[in-house]
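Note that ligands are numbered from 1 as they come in the structure, with each ligand's atoms numbered from 1 the same way. Hydrogens, waters and symmetry mates are skipped; everything else that's a heavy atom, side chains included, is used. All values reported here derive from a predicted model rather than from experimental measurement.
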Amino acid sequence: MTSQEPGWQEVVLQEPTLFRQHAYVDGQWIAAGDDAVIEVVNPTNASRLGSVPRLPQSQVKEAIAAADRALPAWRAKTAKERAAILRRWYDLCMDHQEDLALILTLEQGKPLAEARGEIAYGASFIEWFAEEAKRVYGDVIPAHAADRRIVVTKEPVGVVAAITPWNFPNAMITRKAAAAMGAGCTVVVKPASSTPFSALALAELAERAGVPKGVLNVVTGSARVVGDELTANPLVRKLSFTGSTEVGKVLLTACAQTVKKVSMELGGNAPFIIFEDADLDQAVAGVMASKFRNTGQTCVCANRIFVHDEIYDDFAERLAQAVSAQRVGRGIEEGVRLGPLIDQAAVAKVEEHIADALEGGARVYLGGQRHALGGNFFEPTILTDVASDARLMNEETFGPVAPLLRFSDEAEVIRLANATPYGLASYFYSRDVGRVWRVAEALECGIVGINEGIISSELAPFGGVKESGIGREGSKYGIEDYLEIKYLCMGGL
Ligand SMILES: NC(=O)C1=CN([C@@H]2O[C@H](COP(=O)(O)OP(=O)(O)OC[C@H]3O[C@@H](n4cnc5c(N)ncnc54)[C@H](OP(=O)(O)O)[C@@H]3O)[C@@H](O)[C@H]2O)C=CC1
Ligand SMILES: O=C(O)[C@H](O)CS(=O)(=O)O
């Protein structure tokens with residue numbers, strides 16, 4: 001038994017040392033000076049999984065200082081040397097995929113199959129930035145005078161702070177840390193307090209891969225205490241944040257005081273538009289993939305589903321058949337497709353959005369209630385005839401609710417799709433090539449899924465516009481956010 005804690009539900013890790021209950025600072029596993037802890041529970045049944053240190057500001061400051069001390073030697077390594085260490089980290093993550101997936105499912109709740117997928121997805125960023133690290137090219141610019149030479153180089157930003165959410169407790173860390181480390185930066189990560197164990201397991205494997213002490217640090221503790229130090233400390237030159245837009249705005253303001261570079265991956269409110277010429281089987285599959293992945297708890301989930309009048313009733317029935325086939329249950333049970341929501345606050349938000357839609361004239365086509373399993377479980381839900389002024393039109397539900405709205409006019413549905421402060425992902429299904437280009441170019445967002453509901457990959461730039469964020473993660477663009485451009489002007493030659 002890895003742990004006697006009730007939250008472990010007979011789960012046994014092949015490698016029990018991957019389950020860490022200490023913060024990782026300067027190559028050491030540490031407790032809080034006053035032994036204060038944050039309890040961590042299994043969202044499936046609220047049973048105790050363990051605890052992590054509630055570090056005070058002084059120990060967060062020490063982690064930043066350790067990252068600063070480690071920076072010169074780490075950035076002095078060649079890109080090839082850093083790439084080799086990242087590659088070993090990738091190999092170790094994949095070697096321990098099952099254990100990492102079990103830890104993730106226990107602390108976050110997602111079905112084991114999805115957790116395995118997240119581990120592979122998270123590891124793919126380490127593999128990708130091990131390769132991209134070796135392609136950080138500069139420029140030689142034809143000089144404007146015979147005695148000048150103009151060169152552009154790129155240098156690591158320095159110490160990077162990363163604050164990450166609970167919904168992807170592995171991949172949101174590697175998407176930042178691997179890019180930063182590949183660029184030659186050192187990192188202090190603050191994982192979400194409800195899902196810290198995935199981050200600590202990654203730190204354990206990074207140490208085994210040969211990541212030098214101080215290069216990667218994981219601090220756990222109060223969001224406010226840790227966040228205040230990470231955003232105020234002048235040694236931190238960049239903050240990369242993934243989480244809600246509300247918190248992103250707080251962090252943006254705090255970072256202004258020391259003019260830090262920032263990357264913000266914030267909330268979304270994805271429109272999903274199904275035109276009358278769509279392949280309905282593909283559209284149903286796309287909604288199932290986009291809407292119900294992670295039980296609807298992703299920032300790129302379809303949040304508003306617009307269905308053309310001509311196909312509305314047929315689509316609603318087909319979707320209901322697909323949703324009804326989804327098995328709700330504990331994530332560690334094979335075959336389960338929908339796990340619990342992260343906590344009771346998340347359940348309450350889903351209920352509020354449903355109640356608001358019903359008050360506006362919507363109807364429950366399927367589900368609509370807390371699941372018979374109780375706790376944080378909720379029935380996968382389809383609402384029909386949702387009004388265009390419902391709360392969920394402007395707020396991300398972050399739960400397994402598929403609200404179907406009717407439309408008949410292309411220009412009108414684009415106006416509705418764009419009528420939100422968010423702009424992360426959008427989706428639409430049509431087989432008319434002219435419409436595909438018109439709609440793709442008209443949607444105000446960073447990512448467009450066209451006849452496809454799963455858009456995330458380490459190869460492609462992930463990020464949003466408007467209040468969904470700043471910057472891009474993954475792809476060849478993702479490493480640029482961790483680099484500074486330096487212009488060398490050589491004269492008198
Ligand atoms: N665009 C994107 O890629 C993504 C966006 N999101 C969005 O985030 C939300 C869900 O994730 P959730 O974790 O609840 O988001 P939160 O914004 O509440 O939390 C995200 C992280 O920020 C920390 N945090 C919260 N308040 C502060 C603060 N004042 N100072 C410093 N850190 C703070 C949290 O710590 P603690 O856990 O200790 O409170 C957590 O680690 C949704 O809106 C979702 O759309 C989520 C994932 C991806
Ligand atoms: O936090 C999220 O929702 C992720 O960014 C979505 S994805 O990258 O896993 O698709």
Numbered atoms of ligand 2 (with element) below 4.0 Å of [X], judged on heavy atoms:
{"X": "N167", "answer": "1 (O), 2 (C), 3 (O)"}
{"X": "T298", "answer": "3 (O)"}
{"X": "R293", "answer": "7 (S), 9 (O), 10 (O)"}

Would you mind telling me if ligand 1 is within reach of the side chain of [X], the backbone, both or neither, using heavy atoms under 4.0 Å?
{"X": "L251", "result": "side chain"}
{"X": "T231", "result": "neither"}
{"X": "F462", "result": "side chain"}
{"X": "N167", "result": "side chain"}
{"X": "E396", "result": "side chain"}
{"X": "R175", "result": "side chain"}

What about R175: any of its N or O atoms under 3.5 Å from an N or O on ligand 2?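 N/O-N/O distance below 3.5 Å exists for this pair.
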
Ignoring hydrogens, tell whether any protein atom lies closer than 4.0 Å to atom 26 (N) of ligand 1; use the non-hydrogen atoms only.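 Yes, there is one.
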
Quick test: of every protein heavy atom, which one is nearest to [atom], and how far off is it to 0.1 Å?
{"atom": "atom 40 (C) of ligand 1", "answer": "T164 O, 3.3 Å"}
{"atom": "atom 6 (N) of ligand 1", "answer": "G243 O, 3.4 Å"}
{"atom": "atom 33 (C) of ligand 1", "answer": "A223 CB, 3.5 Å"}
{"atom": "atom 9 (C) of ligand 1", "answer": "S244 N, 3.6 Å"}
{"atom": "atom 8 (O) of ligand 2", "answer": "Y121 OH, 2.7 Å"}
{"atom": "atom 10 (C) of ligand 1", "answer": "F398 CE2, 3.4 Å"}
{"atom": "atom 2 (C) of ligand 2", "answer": "C299 SG, 3.2 Å"}
{"atom": "atom 3 (O) of ligand 1", "answer": "C299 SG, 3.1 Å"}
{"atom": "atom 14 (O) of ligand 1", "answer": "W166 NE1, 2.8 Å"}

Going by heavy-atom distance to atom 7 (S) of ligand 2, choose the closest among A425, S456, G474, P169.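 Considering heavy atoms of A425, S456, G474, P169, the nearest to atom 7 (S) of ligand 2 sits in S456.
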
Hey, is [X] touching ligand 2 through its side chain, its backbone, both or neither, going by heavy atoms under 4.0 Å?
{"X": "E118", "value": "neither"}
{"X": "M172", "value": "side chain"}
{"X": "I455", "value": "neither"}

Just to verify, which of N269, L405, V386, T420 counts as forming a side chain to side chain contact (heavy atoms under 4.5 Å, CB included) with M393?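 With M393 as partner, side chain to side chain contact (heavy atoms under 4.5 Å, CB included) holds for just one option, L405.
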
Within a distance under 4.0 Å of any heavy atom of [X], pick out the atoms of ligand 1 and give their elements.
{"X": "V247", "answer": "17 (O), 24 (N), 25 (C), 26 (N), 27 (C), 33 (C)"}
{"X": "L424", "answer": "1 (N)"}
{"X": "G267", "answer": "45 (O)"}
{"X": "T242", "answer": "2 (C), 3 (O), 4 (C), 20 (C), 47 (C), 48 (C)"}

Tell me if the CZ atom of R87 is crowded by more than 12 foreign heavy atoms within 6.0 Å.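 More than 12 heavy atoms, drawn from other residues, nucleotides or ligands, come within 6.0 Å of this atom.
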
Has E333 got more than 12 heavy atoms of other residues, nucleotides or ligands less than 6.0 Å from its CD?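 It does: E333 CD has more than 12 such atoms within range.
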
Ion pair check, R472 and E480, cut-off under 4.0 Å: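 So R472 does not pair with E480 through a salt bridge.
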
Taking 4.0 angstrom as the limit, do K176 and E473 come out as a salt bridge?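 Salt bridge between K176 and E473, a charged N being under 4.0 Å from a carboxylate O: yes.
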
Matching residue for Y24 among K213, E207, E204 - test: side-chain hydrogen bond (donor to acceptor under 3.5 Å, both in side chains):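 Between Y24 and the candidates, side-chain hydrogen bond (donor to acceptor under 3.5 Å, both in side chains) is satisfied uniquely by E207.
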
Could you point out which residue of N167, N294, T195 forms a side-chain hydrogen bond (donor to acceptor under 3.5 Å, both in side chains) with Q108?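 Answer after filtering N167, N294, T195: N294.
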
Gap separating the [atom1] atom of [X] from the [atom2] atom of [Y], nearest 0.5 angstrom:
{"X": "F19", "Y": "D99", "atom1": "CZ", "atom2": "CG", "value": "12.5 Å"}
{"X": "L202", "Y": "H96", "atom1": "CG", "atom2": "NE2", "value": "11.5 Å"}
{"X": "E127", "Y": "C93", "atom1": "CD", "atom2": "SG", "value": "11.5 Å"}
{"X": "W89", "Y": "L216", "atom1": "CH2", "atom2": "CG", "value": "5.0 Å"}
{"X": "L235", "Y": "K260", "atom1": "CG", "atom2": "NZ", "value": "8.5 Å"}
{"X": "L266", "Y": "I470", "atom1": "CG", "atom2": "CD1", "value": "7.5 Å"}

State whether the shortest distance between N or O atoms of [X] and N or O atoms of ligand 1 falls below 3.5 angstrom.
{"X": "K190", "result": "yes"}
{"X": "S222", "result": "no"}
{"X": "L266", "result": "yes"}

In terms of side-chain heavy atoms, does Y482 have a donor or acceptor partner in S240 at a distance below 3.5 Å?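 Result is yes, a qualifying pair exists.
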
Check whether the side chains of Q344 and N376 place a donor and an acceptor atom closer than 3.5 Å, and report yes or no.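 Their side chains do contain a donor-acceptor pair, which is all the 3.5 Å distance test asks for.
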
Shortest non-hydrogen separation from A23 to T220 and the atoms involved: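 Here A23 and T220 meet closest at CB-OG1, 4.1 Å.
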
For the student: nearest non-hydrogen atoms of F197 and Q21, plus distance: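 Smallest interatomic distance, heavy atoms only, reads CE2-CG, 4.0 Å.
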
Would F241 count as a contact of ligand 1 if the rule is a heavy atom under 4.0 Å away?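 Contact present.
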
Evaluation steps, side-chain contact (heavy atoms from CB on, under 4.5 Å), between F292 and Q326: CA-CA 10 Å; F292 293 99; Q326 303 300 300; 5.7 Å; no

